[in-house]
Student: 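Attaching a single structure in structure tokens format; questions to follow.
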Amino acid sequence: MSIGQQIIAACERLGRHSDDPDGLTVAYLSAAHCAVAAELKQAMVAAGLAVTVDAVGNVIGRLACGRPDAPTLLTGSHFDTVRNGGRFDGRLGIVLPIALARHLNESGERLPFDLEVAAFAEEEGLRFASTFLGSSPLVGQFDANVLECTDASGVRMRDAMKDAGLDPDGIAGLRRDPASLLGYYEVHIEQGPVLLHAGEALGVVTSIAGCVRHCCRVIGTAGHAGTVPMPLRHDAGTAAAEMVLAMEARCRADPSATVVGTAGRFEVVRGATNVIPGEAQFTIDLRAAEDGPRDRALADVLLSCQEIARRRGVSFASELTMKVPATPCTPAWVDALAAAVAGFGLPARRMPSGAGHDAMMMGRALPMAMLFVRCGNGGVSHSPAETMTAADAELAAAATLAFWRSLGAAAQDAPDRARE
Ligand code: HGY
Ligand code: MN
Ligand code: MN
């Protein structure tokens, strides 16, 4: 089996574990999540990696190069998913370096740095509103307040971690000394149509769009669907709907033409067909290539929501649940990765990422680069229709190994840096 076929097969195998009988859903610390973690641990051991599971549930495999004081290159991605997600989102960035580590061990090749493959336990924010629970501790960005967050069943994150045998109080100690690290590298399916439409297998990411998320709550007056005349209503559902449409209109009209807005969750609380909604909740996810246009759009959207609430006689409140700045990839690493891709006669297209990734968290403290792999089926992702090919996985693995080898020269200097 080629390395590309191994990678696809590994993602398909991991995709068997799901919280839902129909569709791929793996929420942080669910039974399916624990099964995937166990399978990743096995795969890392089989590839010759020394494996540890850390306080937040990351599964980390280490391949030492045998040189004392050698720096470490961190690579990886997340293994949790969105609801009804795709088999390659996150997982590709874990199983590809595992396959390469196996190849390095079998061939006897040693890179001039230690390699750590990080299977991050959580990035999507599906179970608890917070995100990047796996990568944020490694760069000292974990906010301990999120341990008090509760999921839809009222289970506190702290308790869910303890029930899973993890150590919430040990998370603060996961922070890595940047001086010991060469940097962070992530391979990810593009999750969009650009490479597919260009007929190209690989893309080199230049920057990752920043993201801000709010949970919004509209309180109106519940009532009988048949007896309250329209002019006397304070319908929380229609008010929320108007707010979401106002968000959409503001994003469409943004002069930068790069702001995107999504209300991914929208629900009437305790709704019933014959009851005027008394409460509605929805989420806002706004992104842009740069933070300025995004933040201006958010301010306008929240003002519009307040104005709509006043006019309709309902109340509006929102809570910030995520704010991550747009993160540029490290220019020297982007150049080196592009050269590695071009070495295979490929165009090495440089492109921004509209999706968020662990790399944007790791890039806040470390040199960082990302490789995109073509996404089939029109580029659809966060969907069971997400797909990619073994041939493209093969090219991504080859370009990754070439990039790692090219980092060798930098690593030769790094031991001096590590001792500084
Ligand atoms: O939302 C995102 O962009 C990522 O999939 N978590
Ligand atoms: Mn995702
Ligand atoms: Mn992802």
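Counting starts at 1 for both ligands and their atoms, following the listed order. The model shown is predicted, which means the values in this text are computed figures rather than measured ones.
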Student: Quiz question: by atom type and distance under 3.5 Å, do the side chains of H17 and E39 form a donor-acceptor pair?
Tutor: yes
Student: List the residues meeting side chain to side chain contact (heavy atoms under 4.5 Å, CB included) with V275, not counting sequence neighbours, and say none if there are none.
Tutor: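 Applying side chain to side chain contact (heavy atoms under 4.5 Å, CB included) to V275 gives A222, A272.
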Student: Which word best sums up how the rings of F120 and Y184 line up, parallel for under 30°, tilted for 30 to 60°, or perpendicular for over 60°?
Tutor: tilted
Student: Would you mind telling me which of D80, D19, D151 makes a side-chain hydrogen bond (donor to acceptor under 3.5 Å, both in side chains) with S30?
Tutor: D19
Student: Between the Mn ion (ligand 3) and H357, is there an N, O or S atom separated by less than 2.8 Å?
Tutor: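 Short answer: no, not a single N, O or S atom is under the cut-off.
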Student: So that I can tick it off, tell me whether R270 and E279 are bridged by a salt bridge, with the cut-off set at under 4.0 angstrom between side-chain N and carboxylate O.
Tutor: yes
Student: Suppose we screen for side chain to side chain contact (heavy atoms under 4.5 Å, CB included). Which residues come up paired with A393, at least two apart in sequence or across chains?
Tutor: I7, I8, M388
Student: Among side-chain atoms of D285 and T262, is any donor-acceptor pair under 3.5 angstrom?
Tutor: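 No pair is found: no donor N or O on one side chain lies under 3.5 Å from an acceptor on the other.
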Student: Output yes when a side-chain donor or acceptor of E186 lies under 3.5 Å from a complementary backbone atom of A369, and no otherwise.
Tutor: no
Student: Ignoring water, what protein N, O or S atoms are under 2.8 Å from the Mn ion (ligand 2)?
Tutor: D89 OD2, E124 OE2, H382 NE2
Student: Does a donor on one side chain sit under 3.5 Å from an acceptor on the other, for D254 and S256?
Tutor: yes
Student: How long is the span from the CG atom in L147 to the CD1 atom in I171, to the nearest 0.5 Å?
Tutor: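 Rounded to the nearest 0.5 Å, the CG-CD1 separation comes to 5.0 Å.
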Student: Show the protein residues that qualify under the rule heavy atom under 4.0 Å from an atom of ligand 1, listing them in chain and number order.
Tutor: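 Only E123, E124, R213, R287, A355, G356, H382 have heavy atoms that fall under 4.0 Å of ligand 1, ordered by chain and number.
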